[in-house]
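Structure record follows, encoded as structure tokens.
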Amino acid sequence: MATHSKDYDFSQIEPYWQSFWEENRSFRADNASAAPKYYVLDMFPYPSGSGLHIGHPEGYTATDILARYKRARGFNVLHPIGWDAFGLPAEQHAVKTGTHPASNTQNNIVNFRRQIKALGFSYDWDREIDTTDPKYFRWTQWIFLQLFKQGLAYVDERPVWWCPELRTVLANEEIVDGRSEVGGFPVERRNLRQWVLRITAYAERLLEGLKRVDWPDSTKRMQEAWIGRSEGAELLFALENPALGDLKVFTTRPDTVFGVTYMVVAPEHPLVNALTLPAQRGAVDAYRRQAAAKSDLERTDLAKDKSGVFSGSFAINPASGARVPVWIADYVVMGYGTGAIMAVPAHDERDYEFAQQYQLPVIPVIEPAEHAGNGEARPPLPYTGDGVLVHSDGYSGLPWAEAKARITEDLAAKGRGRATVNYKLRDWLFSRQRYWGEPFPIVWVDEASYKTAAALRPGDLPAEPVTYVQDGATLYALPLPPGALPLTLPEVQTYLPSGTGESPLAGVTPWLERWIHAGTGESIPASEPRPAGEAWVRGRRETNTMPQWAGSCWYYLRFMDPANAHALASPEALSTWGVPDLYVGGAEHAVLHLLYARFWHKVLFDLGVVPQDEPFTKLFHQGIILGEDGEKMSKSRGNVVNPDTIIASHGTDTLRLYLMFLGPLEAMKPWNPNGIEGVHRFLQKVWRECIGREGEIASKVVDDPAAGGPALRKLLHETIRKVGDDIEGLRFNTAISQMMIFVNAVQKSDQVDRGALRTLLQLLAPLAPHIAEELWSRLGGSGSVMLAPWPAYDPALLIASEQKVIVQVNGRKRGELILPVGATQDTALNAALKQTEVVSFTEGKPVRRVVYVAGKILNIVVE
RNA sequence: GCCCGGGUGGCGGAAUGGUAUACGCAUCAGACUUAAAAUCUGCUGGCCGCAAGGUCUUGAGGGUUCGAGUCCCUCCCCGGGCACCA
């Protein structure tokens with residue numbers, strides 16, 4: 001046991017203990033254990049070609065500390081790692097080099113694994129997973145089939161963001177400032193057939209569930225804002241031309257309906273053509289072309305000026321009967337609400353701006369309550385504050401909120417409206433025109449074939465078939481039966497997308513065109529003769545693949561039972577491990593990954609697969625580590641810190657400790673190479689307190705709990721308490737400070753108890769495990785330090801018999817007293833008034849008041 | 001524009017409404033050394049003062065309180081998110 005190094009030779013010690021843990025499989029999580037479970041999860045990495053970034057070990061060290069601490073506390077700990085290995089960079093590399101993305105991905109994984117192992121994290125490597133492994137994505141596909149069966153997946157020809165450079169469509173969330181998030185290339189609108197997941201069906205539950213999770217408030221707020229719930233009403237405005245029917249609008253302010261002076265429909269609104277009168281045709285067509293050509297950026301960010309065009313048609317206000325013009329303007333978007341609004345310029349900033357631009361009337365219908373019935377001191381328009389109604393027949397004088405309810409009810413009674421809730425959340429665009437992703441387990445067939453399949457396995461199909469029309473023929477989406485999974489990727493000649501919107505898979509005819517057994521999913525290339533039997537049907541595989549989010553939506557479940565060939569995880573494993581007790585990862589996933597995974601989890605909950613409906617009950621974001629120059633680390637700035645370099649120069653214990661000592665885990669903080677030296681010195685100091693020059697146990701170490709005196713003993717117990725509390729609260733920087741304080745005291749002491757040092761090593765072990773193991777072993781600790789139960793502090797030792805009390809005069813410190821615990825105010829005051837420095841401030845002045853907080857402060861207020 | 005988070009020594013940071021600046025870094029001085037490194041000891045917020053001590057100080061300004069880095073109001077700066085969502 002232990003190495004024989006005389007001084008702190010981390011390059012010898014760290015590999016030694018890493019092999020020790022590996023050989024003893026020290027971190028294996030036990031699915032059958034009777035101990036209480038603790039599941040601590042990292043956001044698993046995308047194994048990029050550039051290797052581990054310093055941000056990875058930051059979060060990973062934090063969870064590792066928790067994992068090791070909880071094991072010492074007697075928990076059965078699940079602490080796993082894996083690879084989120086589908087993704088664009090590997091594919092772009094493949095396009096460039098012509099090599100299969102899998103080979104590049106595997107090389108990167110080998111490198112990541114090496115780097116992560118060198119950091120000494122206590123992962124259960126028996127549970128390592130890889131989202132590109134067919135044994136894994138078989139279950140990603142299986143979950144998709146469940147979504148499909150539930151009617152939560154559909155196809156739609158819809159305008160999507162197409163990136164010519166990446167030759168793929170991107171989700172709204174993957175567009176930043178009108179450019180692709182990956183690469184920063186321009187994007188444009190294109191109509192393409194897409195798979196879409198009906199996440200909006202879960203909008204309310206996704207919102208409601210946020211109330212029950214322990215997440216950073218900012219992250220909850222971001223998800224709330226993303227879901228964007230707003231209560232209001234849908235109102236029907238009859239169009240003056242009865243042939244056109246009604247114009248349906250959504251508004252959150254039905255109380256302002258008497259202030260409507262015009263209507264607006266989005267340029268993409270289906271009624272635009274019908275609304276446009278011949279005289280306006282030219283202007284409207286030009287405007288629509290212009291709006292269509294605008295990029296997202298132009299239409300939102302930069303377009304501070306409103307634009308629009310009159311359609312020539314009029315609508316009738318269902319409340320007032322007023323006749324108002326219908327405009328077409330791109331400040332109204334088709335994707336939200338009904339794509340049409342009632343404009344109330346007096347009480348809406350956007351409508352006001354538009355009305356000013358086109359000289360449309362403005363009718364105020366809300367006034368602040370204190371100005372009601374008083375023509376003077378009206379607020380400036382647009383007025384969006386609270387108030388009561390004016391100029392609203394039958395409702396004037398009513399408070400805003402009440403009018404909102406009443407008007408909605410009354411219009412509903414007339415069949416002209418109803419209260420509704422709208423969400424900003426859109427359905428999730430779930431397909432990519434790429435090679436390197438999970439293939440959809442879907443085959444497109446004709447109606448007759450679909451009916452054949454429906455008869456054979458009705459349970460696999462959605463209530464309504466998913467179809468799309470191509471070249472006049474209706475195609476039906478036929479899912480593969482779960483038993484036919486996984487559907488793997490074929491070899492391709494080129495990884496380059498076709499450029500027409502289809503993925504490279506569209507070029508692999510033998511894989512694509514199949515004879516399929518509608519019952520079993522068994523299939524052969526269509527070039528071969530059709531096998532005998534009614535069940536064999538002709539089909540074309542789906543050529544889209546799933547986005548990278550798919551694999552990361554459920555990986556935390558697979559860790560519970562990673563080798564299971566019959567289910568994504570066994571019900572026993574799912575019930576044993578539940579959901580992660582702590583999930584740590586970057587705030588950049590606050591919306592996307594965390595929202596998608598919650599959606600899938602809720603679907604799995606509804607299916608009875610998982611026993612709880614929120615996947616991540618406690619979430620924490622580690623802060624970003626900036627470069628030495630205080631700027632974001634980037635290759636171009638040359639301020640990137642590579643973990644390998646630090647491990648080579650100072651060891652991983654130093655790196656881990658330094659990352660935790662930098663500042664609060666959640667804070668953004670700059671890297672400082674000098675700070676590394678500081679914590680390294682601390683570890684060397686710990687070593688020297690335990691080990692002498694020749695590698696023997698240091699001469700000051702004795703077997704006497706009283707060694708060093710009662711003060712040192714008290715400090716030890718304070719340290720036990722603080723380190724434990726701080727680890728639980730993820731306050732590692734202050735835990736380390738406390739250990740430094742204790743070690744400084746040990747250093748100043750002539751003798752130190754061996755047991756006290758061993759306790760210190762136990763406290764240090766979660767943070768700097770290698771040196772802790774080594775010294776624990778040398779000091780005669782039995783077995784691995786991690787097997788020793790976490791030390792308990794003695795509360796009796798923390799209570800002092802005397803306490804320091806600060807003496808203030810008029811709130812300013814003028815002296816201090818040492819008083820026995822429980823000293824009364826009189827005792828304290830008498831003692832204080834004997835101190836000359838205190839008396840010099842109180843002398844000759846009447847004492848007006850005395851504030852005494854036992855054990856803390858005595859404040860004498862004079863004059 | 002709206003919603004969050006944050007401004008504390010030369011630097012990273014610490015402080016249940018109760019001694020502001022713990023711990024670490026850096027600087028300086030000293031010990032050890034032929035010397036250096038390593039290590040150890042000590043100093044180190046500003047101003048006034050030989051000193052004892054005083055006084056000011058947590059982005060700025062007000063307020064609450066016996067007492068405010070901490071609570072409240074107004075403003076400035078930095079970081080993040082959303083952004084014509086009706």
Side-chain angles (χ1 to χ4, degrees), chain A residues 7 177 216-226 228-230 232 249-253 256 264 266 299-301 303-306 329-344 347-351 353-354 422-426 587-588 590-591 621 623-624 626 630 632 657-658 661-664 666-682 684-685 688 731 733-744 747-748 804-816 837 840 848-853 855-862:
Chain A
D7 29 64
D177 292 337
D217 279 343
S218 58
T219 304
K220 286 200 217 181
R221 263 189 280 264
M222 277 166 68
Q223 289 217 350
E224 274 167 23
W226 192 265
R229 181 184 202 274
S230 62
V249 301
F250 172 74
T251 178
T252 55
R253 297 295 303 273
T256 61
V264 182
R299 203 167 148 172
T300 59
D301 289 27
K304 293 300 169 203
D305 294 331
K306 300 269 182 297
D330 66 3
Y331 83 90
V332 170
V333 296
M334 196 54 224
Y336 181 78
T338 62
I341 62 155
M342 59 178 219
V344 186
H347 305 295
D348 181 282
E349 282 167 24
R350 297 150 300 182
D351 296 344
E353 199 185 317
F354 190 80
N422 245 301
Y423 300 92
K424 282 193 221 173
L425 184 69
R426 313 290 164 89
E588 65 273 21
V591 174
H621 301 305
I624 294 170
L626 305 171
K632 211 166 194 164
L657 209 56
Y658 176 61
F661 189 63
L662 262 177
E666 67 276 19
M668 180 185 281
K669 52 223 168 220
W671 180 265
N672 175 4
N674 291 327
I676 278 276
E677 299 294 341
V679 288
H680 190 62
R681 251 176 270 179
F682 165 68
Q684 283 179 315
K685 196 186 280 189
R688 280 196 311 271
R731 296 181 299 269
N733 54 332
T734 50
I736 295 165
S737 294
Q738 183 64 34
M739 287 190 272
M740 287 174 166
I741 291 168
F742 178 70
V743 172
N744 286 345
Q747 188 184 45
K748 287 187 171 66
K804 192 191 281 186
V805 172
I806 301 305
V807 181
Q808 297 182 335
V809 178
N810 290 345
R812 311 182 63 117
K813 185 190 168 190
R814 298 299 180 189
E816 52 187 59
E837 61 269 34
S840 66
R848 301 251 301 239
R849 186 172 170 183
V850 175
V851 179
Y852 177 62
V853 181
K856 292 247 159 119
I857 206 151
L858 175 74
N859 189 10
I860 305 165
V861 186
V862 296

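What you see is a predicted model; the values in this text were computed from it and never measured. First the proteins, then the strands, lettered A, B, ... as listed; each starts at 1. Below, all heavy atoms of this structure are taken into account, side chains as well, without hydrogens, waters or symmetry copies.
- Annotation: B:rG45 and B:rA22 have their C1' atoms spaced 15 Å apart (nearest Å).
- In this structure, A:Tyr658 and A:Trp671 have perpendicular ring planes: the angle between them is above 60°, well past the 30° mark.
- When the side-chain nitrogen and oxygen atoms of A:Ser218 are compared with OP1 and OP2 of B:rG81, none of them lie within a distance under 4.0 Å.
- Because its glycosidic torsion is within 90° of 0, B:rG9 is reported here as syn.
- A:Arg221 comes within 4.0 angstrom of the backbone, heavy atoms only, and of no base.
- Counting heavy atoms from C-beta outward, A:Ser737 and A:Phe742 have side chains that stay 4.5 Å or more apart.
- For the 3.5 Å distance criterion, the side chains of A:Tyr852 and A:Asn859 fail to qualify, holding no donor opposite an acceptor.
- The base of B:rC25 lies outside donor-acceptor range of the side chain of A:Asn674, with no N or O pair under 3.5 Å.
- A:Val332 and A:Gly339 get closest at one heavy-atom pair: CG1-O, 3.5 Å.
- At a threshold of 4.0 angstrom between heavy atoms, the contacts of A:Asn744 are confined to the sugar-phosphate backbone, with no base atom among them.
- With both ends at atom P, the span from B:rA20 to B:rU70 equals 14 Å, rounded to whole Å.
- At the heavy-atom level, A:Arg814 lies under 4.0 Å from the strands shown only through sugar-phosphate atoms.
- Not one side-chain nitrogen or oxygen of A:Lys424 sits closer than 4.0 Å to the OP1 or OP2 atom of B:rC82.
- Residue-level contact check: A:Asn733 touches the backbone only, with heavy atoms under 4.0 Å from sugar-phosphate atoms and none from bases.
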